[in-house]
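Right, one structure below, let's go through it.
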Amino acid sequence: MARATKSSAGEQRTAASEGRLERLPNVTRHNASEAEYRDFYRMMLVIRRFEEKAGQLYGMGLIGGFCHLYIGQEAVVTGLQSAITPGRDSVVTGYRDHGHMLACHIDPKTIMAELTGREAGISRGKGGSMHMFSVEQGFFGGHGIVGAQVPIGAGLGFAHKYKQQVMGGEGGVALAYFGDGAANQGQVYEAFNMAELWKLPVIFVIENNQYAMGTSVNRASAEDQLYRRGESFRIEGMQVDGMDVLAVRGAANMALDWVRGGHGPILLEMKTYRYRGHSMSDPAKYRSREEVQTMRDNRDPIDMAKREMLELGFADETWFKACEKEVKAQVAEAADFAEQAPEPDLSELTTDILVGTY
Amino acid sequence: MELKLPAMSPTMEEGTLSAWLVKPGDTVKPGQVIAEIETDKATMELEADEGGTIISLAIEAGTDAVKVGTVIAIIAIDGEDSSAHMSAPAAPAAPAAISAEGPKTEHLAPVSAPASVPTPEAPVPAKVETVSGPTRKQTVREALRDAMAEEMRSDLSVFIMGEEVGQYQGAYKVTQGLLDEFGDKRVVDTPITEYGFAGLGVGAAMGGLKPIVEFMTFNFAMQAIDHIINSAAKTNYMSGGQMRCPIVFRGPNGAASRVGAQHSQNYGPWYASVPGLLVVSPYDAADAKGLLKSAIRSPDPVVFLENELLYGQSFEVPEGDRVVPIGKARLYREGADVTLVSYSIGVGIALDAAQQLAADGIDCEVLDLRTLRPLDEAAVLASLRKTNRMVVVEEGWPVCSISSEIIAIAMTKGFDDLDAPVLRVTNKDVPLPYANNLEKAALLKAADVVAAVKSLF
């Protein structure tokens with residue numbers, strides 16, 4: 001049990017589990033095949049380049065309002081989403097949601113076009129950065145109220161279990177992602193209680209990027225080892241190096257087995273780090289440049305994956321260059337599309353408020 | 001000592017003496033259960049306060065409609081001389097708590113509620129909506145339960161969750177019997193965790209189910225209002241029409257009886273201001289059933305506002321699978337001189353006022369809005385065109401209310417039809433007080449409606 005991991009992201013390069021409650025089985029890093037590792041790398045790079053481009057478009061005034069970038073946290077969503085079955089399992093998160101959508105294999109063009117507020121956006125320009133959904137891919141948002149996605153995620157888990165038990169459905173698992181800031185919301189614990197009480201198939205994922213806006217975990221949380229936050233509800237928890245995509249995937253494998261095995265929910269604390277501000281208007285006064293740079297230099301999830309892939313002989317520089325080129329082209333295409341797509345017709349103002357007619 | 005039937009809930013005015021667990025001659029200990037009483041909310045056990053010997057039972061087991069305050073047994077308390085009781089059998093005591101209100105029918109609202117609901121023999125105007133086919137008399141409570149049971153039978157994705165909906169059989173007995181029929185997978189008792197289970201219900205709805213979320217009262221839904229508005233109401237719009245949230249949030253709303261400010265509020269205007277929600281607030285049992293069935297079948301999120309004081313009132317309810325469309329007002333009484341617009345318990349008050357005004361030669365039309373969002377503007381304006389005078393009757397606060405909205409509609413879209421300003425009769429603009437006299441003074445009354453109407457002529 002590692003209670004001494006107060007320093008930002010995990011120190012041990014290869015340990016999948018930094019802390020773990022009693023009943024959970026041992027977890028090992030995922031033993032990725034060459035093809036898998038290449039997929040993980042590529043997905044992380046798509047998210048990184050997509051978010052960088054979104055930051056640029058924001059600077060150009062093409063994206064308005066709030067825009068929360070996921071840069072630095074790519075390994076978390078990549079590792080977890082690679083383990084589930086899109087469309088069968090369900091996913092819900094907060095407002096920092098672009099990476100989750102990309103990892104749900106939603107077309108980057110429709111995401112970027114939503115960011116620019118265009119009719120071709122996945123929410124037809126009516127949702128924006130924080131409010132995006134895909135019924136097809138089992139992505140249930142994109143929620144702007146901190147912590148709201150946690151009971152909603154429990155409800156998705158309830159629906160999976162209910163469909164299996166009452167309606168003869170095939171089951172499925174819900175993933176509810178939230179941040180270290182949301183972990184202090186009361187409704188999170190209301191959801192924990194019901195999820196364990198009713199043994200709902202839910203994986204609660206705390207993406208601990210160390211800062212709730214500008215407030216560090218230590219300044220906001222009496223128990224800063226967030227994987228222990230389910231203890232009084234008898235929810236098993238585990239701390240994971242969220243900068244190591246194979247560690248994340250290893251934890252995801254175990255968590256899915258646990259939840260699918262009818263043990264009820266599980267809590268994964270992903271220790272990660274966001275390089276950019278909370279949103280685009282972050283004054284960056286609450287942490288030093290050195291801290292960010294140190295993380296980038298030593299703990300970057302994409303660089304670490306690349307180094308290991310080279311060591312393992314899973315890819316060479318030629319492959320990485322080709323991958324970079326391909327991803328950049330894909331993101332550029334999404335940005336062009338999002339820039340050129342028309343704004344919603346004014347008639348869209350009053351559509352989609354209700355489904356029925358009354 | 002005379003043992004009188006106690007009021008076992010704030011709204012109980014009579015009960016059924018289901019069973020005696022003692023007989024004359026038995027000795028009882030303090031706290032011993034001596035009888036089972038069926039109230040408007042639950043079957044409750046009546047305990048002896050003090051030890052003693054049962055002298056006689058004044059009311060037979062199985063007696064219905066025993067008024068609160070009626071002597072039901074004579075007990076000789078330990079140490080007390082029982083001979084007086086033996087020689088002087090008790091006359092039925094007057095039900096003290098309600099005698100001040102005068103004679104009542106079974107429809108009358110409880111003690112401190114506005115004593116103004118229609119009697120069954122009220123004349124039914126010729127052209128109001130009539131129901132063909134067989135009907136039966138049901139309470140609003142039974143009608144709501146039947147609506148849920150029927151929808152749960154026909155659609156496996158419908159389930160109910162909330163505090164005390166299962167084993168307790170419903171805090172107000174609305175879900176009575178559902179656990180037995182549908183089991184605990186579909187009738188889900190929750191912890192006291194409104195924010196959490198409202199959000200969980202929203203997630204289940206997004207995940208493809210049709211939850212009915214019961215709030216014990218809507219006062220407690222304020223803890224959950226973020227999920228009702230931010231998570232349920234806005235999702236379809238924010239997702240560009242992709243993500244449905246077919247959920248019903250239901251429970252009693254508005255003032256009950258002597259429960260004070262935190263438990264007595266009408267949230268109709270709050271929810272009715274939110275695009276993306278449907279807000280329904282029925283008056284009688286037939287509408288309660290038909291509208292709840294529509295609400296459960298709706299693909300949109302519905303806030304379904306019931307009223308505790310109406311739960312025990314009986315009305316004729318059509319047999320069978322009859323749905324009432326959401327968004328359509330109901331002409332409850334036809335008239336020529338003035339329109340009384342209302343909803344929920346206010347309709348009863350309006351009907352009562354209309355009856356009183358008829359004696360004075362003023363012919364009132366009574367329009368029950370039934371749905372607060374979307375509001376049936378056409379029905380309001382059509383009635384205004386006919387009568388040229390309008391009074392809004394609302395059990396709730398006046399400021400930023402449904403009344404405000406009706407007045408705005410009349411001003412902006414019915415101005416040429418107005419022969420007088422539209423008036424509103426509402427509760428006083430104060431938190432609801434506890435004291436009996438203050439509470440009465442704060443709540444709207446038929447007499448206020450009568451006075452307002454007369455001021456228009």
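When reading the values below, keep in mind they use all heavy atoms of this one structure, side chains included, and skip hydrogens, waters and symmetry mates. Every chain is numbered from 1, with letters handed out A, B, ... down the list of sequences.
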Given that the side chain runs from C-beta out, which part of [X] has a heavy atom under 4.5 Å from chain B: side chain, backbone, both or neither?
X        : answer
A:Glu348 : backbone
A:Thr357 : neither
A:Met132 : neither

Would you indicate whether [X], at its atom [atom1], is surrounded by more than 12 heavy atoms from other residues, nucleotides or ligands within a distance under 6.0 Å?
X        : atom1 : answer
A:Gln165 : CD    : yes
A:Leu197 : CG    : yes
A:Arg88  : CZ    : yes
A:Met213 : CE    : no
B:Tyr168 : OH    : no
B:Lys413 : NZ    : no
B:Gln223 : CD    : no

Looking at [atom1] of [X] and [atom2] of [Y], how far apart are the two atoms once the value is rounded to the nearest 0.5 Å?
X        : Y        : atom1 : atom2 : value
A:Leu156 : B:Leu209 : CG    : CG    : 9.5 Å
B:Thr235 : A:His131 : OG1   : NE2   : 9.0 Å
A:Tyr162 : B:Leu156 : OH    : CG    : 6.5 Å
A:Asn193 : B:Phe197 : CG    : CZ    : 12.5 Å
A:Met194 : B:Thr190 : CE    : OG1   : 7.0 Å
B:Arg244 : A:Phe133 : CZ    : CZ    : 12.5 Å

Heavy-atom check, side chain of B:Val188 versus side chain of A:Trp198, under 4.5 Å: yes

B:Leu200 side chain near A:Ile152 side chain, heavy-atom distance below 4.5 Å: no

Validation row, ring centre A:Phe158 to ring centre B:Phe159 under 6.0 Å: yes

Over all atoms of both residues, closest heavy-atom pair of [X] and [Y]:
X        : Y        : answer
B:His227 : A:Ala148 : CE1-O, 3.3 Å
B:Gly207 : A:Ala159 : O-CB, 4.0 Å
A:Phe140 : B:Met206 : CE2-O, 3.2 Å
A:Gly356 : B:Pro299 : N-CG, 3.9 Å
A:Glu190 : B:Thr193 : OE1-OG1, 2.6 Å

Pair B:Tyr195-A:Gln187, side-chain donor/acceptor within less than 3.5 Å: yes

Between B:Ser298 and A:Tyr358, a side-chain donor and acceptor under 3.5 Å: yes

Whether [X] side chain and [Y] backbone form a donor-acceptor pair below 3.5 Å:
X        : Y        : result
A:Ser123 : B:Met238 : yes
B:Asp300 : A:Leu354 : no
B:Lys234 : A:Ile353 : no
B:Asn236 : A:Asp352 : yes

Contact list for residues 175-203 of chain B, test salt bridge (charged side-chain N to carboxylate O under 4.0 Å, His left out), sequence neighbours left out: B:Arg153-B:Glu181

Pairs flagged by side chain to side chain donor-acceptor pair (under 3.5 Å) wherever residues 137-161 of chain A is involved - sequence neighbours left out: A:Ser90-A:His160

Among [options], who wins on heavy-atom pairs under 4.5 Å with chain A?
options                                : answer
B:Ala205, B:Pro374, B:Gly241, B:Gly201 : B:Gly241
B:Val202, B:Asn230, B:Leu278           : B:Leu278
B:Ser231, B:Pro325, B:Ser157, B:Gly183 : B:Ser157

